[in-house]
Enquirer: 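Would you mind keeping the following structure in view while I ask a few things?
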2 protein chains.
Amino acid sequence: MSTQDTIESLRQKGFRITNIRRKLIEIFSTGKKPLSVQELIEKLAKSDITANKTTIYREVYFLLEQDILVEIDFGDRKKRYESAESEHHHHIICLKCSKVQDIHLESDLSEDQKKIEQETNFTITNHTLEFFGLCNTCHTTP
Amino acid sequence: MSTQDTIESLRQKGFRITNIRRKLIEIFSTGKKPLSVQELIEKLAKSDITANKTTIYREVYFLLEQDILVEIDFGDRKKRYESAESEHHHHIICLKCSKVQDIHLESDLSEDQKKIEQETNFTITNHTLEFFGLCNTCHTTP
DNA sequence: TTGAAACCGCAACTAAGTTGCATTAATATG
DNA sequence: CATATTAATGCAACTTAGTTGCGGTTTCAA
């Protein structure tokens, strides 16, 4: 869905299109790197949009509810967000410089998932899978 | 390794065996549920050992360094810890009641890992994989 | 143009985790 | 057993991510 379509769809549902909301949708439609709330505020600032962190937390929550974003956890006590559009993938994160790269798994976890549901009686809604290590640069230059 | 062996091994390395340290090692050797720092403090209190949170943070860090514990991340902004002894496994967490159950994956991610290392030039040190959903109880009783 | 309500910002708060520094206690050695 | 060394501890103050209440502002349909 294009940025414009996303916006139109929200408008149809009765939500308002504010500068902040429009810009956020634009940022996520073009960006590939998962972004934290702090990073979003800084990105907005570069477009001369000042936004309070409370607003961004609320906006991100809204976009999650609308299935426009997905939440990602790198285990460093802050959430990151990226477009829900991109096909399901995982990440590898450099423990030193925090560089992030998308990866696509060969293994298909859906079989495991089915089996786990049967064995545990849980209904699985999602999973997290992230790899950690050192990137080429950080590995070779200590 | 038994609790006693672990303690002996630490003593050999020149570390001291305090009440807190001994009890923590005991807790992790018997418990199966990943525990947060707060939960550890409460568990110690039940054995009449009062411990400052700073101490527990430091102690947990120490035990991680000694490869006695591993850190687990459920994405709720607090770390949990469990014995490093148990064979590599993952968890499924109920989003409602926080119940945790161990799971063992059928898929072998080591092949993926190798491939990812080749493709990205990262050196992978670890990964996280957790499943989230609703347990039987929480699923049926809304 | 205007009013309802969606959205926003501020201030004050919570909770997890960290740091500096002074004190306490485990253990090796005599 | 006495005691010196230093690992371990506790306290207070701090940091950072995220949350809440509430009054003010802006969007947008009618």
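Residue numbers start from 1 in every chain, and the chains themselves are labelled A, B, ... in the order their sequence lines are given, proteins ahead of strands.
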Enquirer: Rounded to the Å, how far apart are B:Phe15 CZ and D:dA8 P?
Expert: 7 Å
Enquirer: For B:Lys23 and C:dA26, give me the distance from atom NZ to atom P, rounded to whole Å.
Expert: 16 Å
Enquirer: Measure from the side chain of B:Ala51, starting at C-beta and using heavy atoms only, and say which of C:dG9, D:dT9, D:dG10 lies closest.
Expert: D:dG10
Enquirer: Report, one pair per line, the protein and nucleotides 19-25 of chain C atoms (nitrogen or oxygen only) whose separation is under 3.5 Å.
Expert:
{"from": "C:dT19", "atom 1": "O4", "to": "B:Thr54", "atom 2": "OG1", "distance (Å)": "3.3"}

Enquirer: Over 60° means perpendicular and under 30° means parallel, so tell me whether B:Phe131 and A:His127 are parallel, tilted or perpendicular.
Expert: tilted
Enquirer: Using whole Å, what does the distance between atom C1' of nucleotide C:dA6 and atom NZ of A:Lys13 come to?
Expert: 16 Å
Enquirer: Taking the side chain as every heavy atom from C-beta outward, state whether B:Ile25 and B:Ile7 have any atom pair closer than 4.5 Å.
Expert: yes
Enquirer: Would you list the protein and nucleotides 14-17 of chain C atom pairs, both N or O, that sit under 3.5 Å from each other?
Expert:
{"from": "C:dA16", "atom 1": "O3'", "to": "B:Arg77", "atom 2": "O", "distance (Å)": "3.1"}
{"from": "C:dA16", "atom 1": "N3", "to": "A:Arg77", "atom 2": "NH2", "distance (Å)": "3.2"}
{"from": "C:dG17", "atom 1": "OP1", "to": "B:Lys79", "atom 2": "N", "distance (Å)": "2.7"}
{"from": "C:dG17", "atom 1": "OP2", "to": "B:Tyr57", "atom 2": "OH", "distance (Å)": "2.8"}
{"from": "C:dG17", "atom 1": "O5'", "to": "B:Tyr57", "atom 2": "OH", "distance (Å)": "3.4"}
{"from": "C:dG17", "atom 1": "N7", "to": "B:Lys53", "atom 2": "NZ", "distance (Å)": "3.0"}
{"from": "C:dG17", "atom 1": "O6", "to": "B:Lys53", "atom 2": "NZ", "distance (Å)": "2.8"}

Enquirer: So which nucleotide from C:dT27, D:dG10, C:dC7 ends up closest to the side chain of B:Thr55?
Expert: D:dG10
Enquirer: Does OP1 or OP2 of D:dT9 have a side-chain N or O of B:Asn52 closer than 4.0 Å?
Expert: no
Enquirer: Do B:Asp73 and B:Arg77 sit within salt-bridge range, that is, some charged N less than 4.0 Å from a carboxylate O?
Expert: no
Enquirer: So, A:Lys33 and A:Glu39, do they make that salt bridge, N to O below 4.0 Å?
Expert: yes
Enquirer: In whole angstrom, give the distance that lies between atom CG of A:Leu10 and atom P of D:dA29.
Expert: 13 Å
